[in-house]
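What follows is one structure encoded as C-alpha cells, with my remarks underneath.
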Amino acid sequence: MKSPSQYIDDLKTKETSIAPLVIFRILFGLLMAFGAIRFIFSGWIEKLYLEPDFFFKFFGFEWVHVPQSAWLLYGLHLLIATSAIGIALGWKYRWAAILFFLSFSYAEMMDATNYLNHYYLVILVAFLMIFLPAHRSFSIDAFINKSIRQNNVPRLYLAVLQWQVGLVYVFAGLAKVNYDWLVHAMPLAVWLPARTDIPGLGLLFEQPWAPFLMSWAGAFYDLFIVFLLTSKRWWKAGYLLVIIFHLMTKVLFNIGMFPYIMICFTTIFIPVVYHQRSLKFLRKLFGKIRSVTILTPPVNASIPKVAPISSRTKSLSLVFMFFIIIQLIAPLRHLLYSGSVHWNEEGYRWSWRVMLLEKAGTAFFTVEDLRSGRKFEVENDLFLTAYQEKQMAFQPDFILQFAHHLNQHYMKKLGSEDLRITVRSRVSLNGRKSQTLIDPHTDLTKIHNTWLKKKWILPYEPQITAL
Amino acid sequence: MNATNLFRISRFSIIGILTLLILPGCNDSPGIRNQCSVDYDQEALFSAILRHQITPGYENLQSQLDQLKNDFDALQSDPDLANLDRLETTFADAYQAWKRVEIFHFGPAEELQAQSYFNLFPLDVLTVQNQLSSGFDSENSTQFDKGLPVLDYFIFHKTNPQDRLNYLLQSDVRAYFTAALDKMRSVANQVTEAYGGDYGDQFTTMTGTAAGSSLSLLINALSKFFEDNRRNQLGIPSGALTLDIPNPDKTEAYFSGISLNLLNKGVETAQMLYEGKTNSPGIKDYLEALEDEVDGEKIADQISTQFNKINQAIPPLENPLSKAVLDDKNDIAALYREMSSQVINLKTDLPSRLCISITYVDNPSDTD
C-alpha cells in the first residue's frame, strides 16, 4: 500500500502511454458532437428555449440569458457540435476544448429545469479536457506541429479522469443506500411496472420482486464497479457489466445520452495496452489513405523517459488535486443543512443523486396587493410550461425564483410596489402522502436565496435519513 | 483446490445466499413489500366503470341530443312557447348529460376532440355573430363558437320568451344551431360505438400502471377534469384567478344560468368515478385494496371527506353562479378553497399512491 504522498508523487513522475487520453478525446468529441446534433434535430430548442417565457436559474448564474432568437440558439448548439468535432480531431485542440466547455456550460445553464447529472459530468470533464495533452498524438495539431508530439504523459492526466468518473459512481451508489431505495424499492417500484411493454424483459418487470432485484443490483453496481474496473483481474468483467447495466437503463428509461457517455467515459479504466492496440488499428485504417498516414505517428515507439517533473505538471497537479477535493466535498455538503436532502433539496444538485426520487407536487401562488387589498391566485401555466411547472412544484429554489418573477410581473401590472406573495404547496415523495413544502405564511418577496439554511422550507415528518 | 479458488467461490456464494435470502423476504414481511403492486382485479374495475358509467353516460347523452333535435324541429314546425319551454328543459338535461361523460376524455373522445365540439366556454359571441351570415362550418372552426355554449346562447340570450322564439326561427340561426347540434350527435354516436366495439374491449383489458393503461387514463382524466372545472367553472368567473376581477359572463352556460347545476354535476361525476356506484366499484376500491397493505397515512377516505366538504360548500351559493360571483364572495372563496384542496389530492396524492404518473405533464427532453 502506497502512502498518499507517494501515490501523488508517482502520478507526477511516472509516465504512461498517451493512448488512453487520445482514445478518450476522440470518443468524447464524437459523442458530444452527436449529442449536440441530436439536440438540434429533436426540436428541443423550440420547445425548451423558445416556447417558455420564463427560465429558472442556478444559484450564482442568474445572469445567464436565453437569447430569444432561433438563429442564436441554433448557432450556440452548432458551436457546441463544431468544437466537439475539433476536440475529436485534435484540431486547434485547446481552443476547441475551451469553446466547448464554455458553450456547453452556457447552454446547460440557460434553464435549470433541464438539469441533468450527466450534463454536469460533461461540464466537469470538459473543464479537465482543457488541461489535458490529449492532442499530442493522432491529431491534426500533432500532424501540423511536430514539436508537440508526445507518446507518453505523466500518469496524472489519466488519473484525474479516472477519479472524476470513479467518484460519480461511488457517490451515486452511496446515495442509493437509503431506506426507500433498499427497503421499499422506491422509486423503481413505480418505474418498472410502467415498462412491462418491453418484449422479454417486460415479463420480468411485472414481478413484484423485480424492483427489489434491480434496486439492490443498481446500488451494488454503482458502489463497486470502479473497484472492478481498476482491478487487474476483474476489469474485463467490470467493463462488460458497464455495458450491460447502461444498455439496460437505456431500454428502461428516457435517459438520452447518459448510457453512451458512461460507456465511453469508463474506457479510461481499460489497461493502456488495449488503447495502444486500438490506436494502431486506427492508424492502419487511416494509413490506407495516403495523405493522412502522417497523421499517425507510431504509438509506443519510444521508451518512457523518466523526465524531470515540468513546472506545468507541478502546477496542474495542484489544480487537479484542488478540483478532486471539491468534487469529494460537494456531494456531502447537504450534511451541513438540517433536515432531509430528499425533501428540502438543499445540496441535492451536483451530488450524483441519479434517478433517486419520484416526486410530484402542486403549488398555488397567491398575490396580495397590500395597498388595494386585492388578492388573487396565479395561473402558473400563463408563465410556465407544463414541465417547468411540474419541476418547480417540488424544488424550493424554483418556487422562490418563480415568486420573485411574479412579484416583478405584478408590480408592473398592478402599479403597486407593495405585494405579498405566498404559496400553498404540497409535495408527495416516493408515494408517501403529500406534505406542505413551503411555509404558507412566508412572504416570498421578502426572501432571498443564499447558501444558508432555508428556514421557509417546512421539515418533513418523520425525518428521512439519507447519505 | 487451492486457497484462492476457495476464497473466490465463497465470495460468490455469499452474494448468492444473500440474494436468495432477500428475495422471498420481500413478499412476506410487512415492512418490505412492493407498495405499487396489489392483488386486485383491475379488469373487473374497468368493466364496471365501462358498464355502469361510461356506456350509460354516453347512451343518455345520445338520447338527450336526439330529444333536443326533435324538440328543435318541433319548435320550427310548430312555433309556440310550450315547445320553447320543452326545448329549454331538454337543453339543460343534455348539458348535464354531457357533464357526466366529459370526464372520460381519453380514447375515442380524445381522438374525436369531443371536448372541443361540446363544451369550450366562454363562448366567443362576436365570432358567432359574424359567422351567422356565412353559416357554421364545424370542420373549419377553431374558435369558441360551437357546442353546448352556442346553443345556450341561441336559446337563452334574449330575455323575453317571445323574442327567444322569434330569434330561433331565423333561418341562419336555425342552420347554425342544427350544424352545431348535428356535429355533437355524430361525435356522441361515434364514441358510443367505439366503446361498444373494439375500444371497449381494449379499455377493459389494458391493465397495469404504465402510461396508457386504463388506470392511468382514468386517474389522469379524473385529475384533469377536476382541475379544469375548478379553473373554468369557478376560478376565472369569480376572479380568483383573474386579478380579483370577477367575470360573471365567463360562467359555464351563462345565458341559461344552469351553471350551478353543472358545477354540482361535475363534482358528482368526479365523486362517482372515484367512489363508484351502488354495487359497482370505483377507483377508491382499488386504492383501498392497495392501502390495506401499505404502512403510512391513508388517503382513500381523505378524498371522500374532501368531496363531502365540497358538496356542503355548494348549497349556500346563490343561483346562478354569475350572480354568486358578484354577491356571494365569501361562499365562493370557501368553495374554491375546498376544490383546491381536492386538486392537490387528485393531482398529487392519488397518482403518487397508485404509482401512476400524471402523463398530461410530460417530459419534453431527457431525464436522468
Side-chain angles (χ1 to χ4, degrees), chain A residues 42 44 47-48 114 116-119 183-186 189-190 193-197 206 208-213 216 220 253-258 354-355 358-362 364 367 369 374-379 385-387 389-390 393 410 413-414 424 426-434, chain B residues 15 18-19 22-27 31-38 208-213 216 227 231 235-236 239-245 294 296-299 302 333 336-337 340-341 343-345 347-358 360-368:
Chain A
S42 62
W44 289 337
K47 234 181 211 154
L48 299 178
N114 309 315
L116 291 180
N117 281 292
H118 61 266
Y119 285 157
V183 179
H184 288 313
M186 285 295 268
V190 180
R195 301 312 311 270
T196 45
D197 54 330
E206 273 176 20
W209 47 262
F212 291 92
L213 180 70
W216 283 74
F220 271 100
F253 307 117
N254 177 29
I255 46 178
M257 302 292 294
F258 180 58
V354 187
M355 309 210 79
E358 171 69 17
K359 274 186 173 182
T362 313
F364 298 127
V367 178
D369 182 352
R374 192 188 270 195
K375 191 173 172 181
F376 57 91
E377 190 186 305
V378 175
E379 276 200 83
T385 64
Y387 184 60
E389 187 179 352
K390 176 184 171 175
Y410 285 111
K413 181 146 190 166
L414 303 174
R424 180 181 182 195
R426 300 277 295 192
V427 173
S428 158
L429 168 59
N430 281 350
R432 291 182 182 80
K433 188 170 148 26
S434 68
Chain B
I15 293 177
L18 278 178
T19 317
I22 291 164
L23 282 185
C26 302
N27 296 326
I32 303 180
R33 64 169 301 282
N34 188 334
Q35 60 195 58
C36 295
S37 109
V38 59
T209 53
S213 67
S216 164
E227 195 182 5
R231 174 184 183 273
I236 290 174
L241 286 169
T242 53
L243 309 179
D244 206 7
I245 302 166
V294 176
E297 270 185 280
K298 304 197 186 326
I299 59 162
Q302 173 185 320
Y336 188 73
R337 229 179 1 255
S340 300
S341 298
V343 167
I344 294 173
N345 286 337
K347 193 181 174 185
T348 295
D349 281 290
L350 181 63
S352 301
R353 181 54 57 87
L354 294 179
C355 300
I356 279 175
S357 66
I358 287 294
Y360 66 82
V361 182
D362 222 353
N363 189 347
S365 165
D366 298 331
T367 49
D368 74 358

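Just so you know, these numbers use all the heavy atoms, side chains as well, and skip hydrogens, waters and symmetry mates.
A distance below 6.0 Å separates the ring centres of Y410(A) and F376(A).
The CZ atom of R424(A) sits 4.5 Å away from atom CD1 of I344(B), with the distance rounded to the nearest 0.5 Å. Rounding to the nearest 0.5 Å places OG1 of T385(A) at 8.0 Å from CG of L48(A). The CG atom of D349(B) lies 8.0 Å from the OG1 atom of T362(A); values are rounded to the nearest 0.5 Å.
For P193(A), the parts lying near chain B are the backbone and the side chain together; criterion is any non-hydrogen pair under 4.5 Å. Contacts of I236(B) with chain A are made by side-chain atoms alone, with heavy-atom separations under 4.5 Å and no backbone atom involved. In this structure, no portion of A185(A) lies under 4.5 Å from any heavy atom of chain B. Using a 4.5 Å cut-off between heavy atoms, S352(B) touches chain A through backbone and side chain atoms alike. Residue contact with chain A, scored on non-hydrogen atoms closer than 4.5 Å, involves the backbone and the side chain of S340(B) alike. The contact between R426(A) and chain B is made by backbone and side chain atoms together, counting heavy-atom distances below 4.5 Å. Using a 4.5 Å cut-off between heavy atoms, N430(A) contacts chain B through its backbone alone, with no side-chain atom that close. When heavy atoms are compared at a cutoff of 4.5 Å, I299(B) approaches chain A solely by way of its side chain, counted from C-beta outward. Interface remark: K359(A) contributes no atoms to any contact with chain B (heavy atom separation under 4.5 Å).
Counting heavy-atom neighbours within 6.0 Å of K433(A) NZ, excluding the residue itself, gives a total above 12.
A 4.5 Å side-chain heavy-atom check between L243(B) and K413(A) finds at least one atom pair inside the cut-off.
When S37(B), A333(B), C36(B) are compared by the number of non-hydrogen pairs under 4.5 Å with chain A, C36(B) comes out ahead. For the options T242(B), D244(B), V343(B), N345(B), heavy-atom pairs under 4.5 Å to chain A are most numerous at D244(B).
Of the N and O atoms on the side chains of S428(A) and T348(B), not one donor lies less than 3.5 Å from an acceptor on the other residue. Looking only at atom types and distance, the side chain of S434(A) has no donor-acceptor partner in the side chain of R353(B) under 3.5 Å away.
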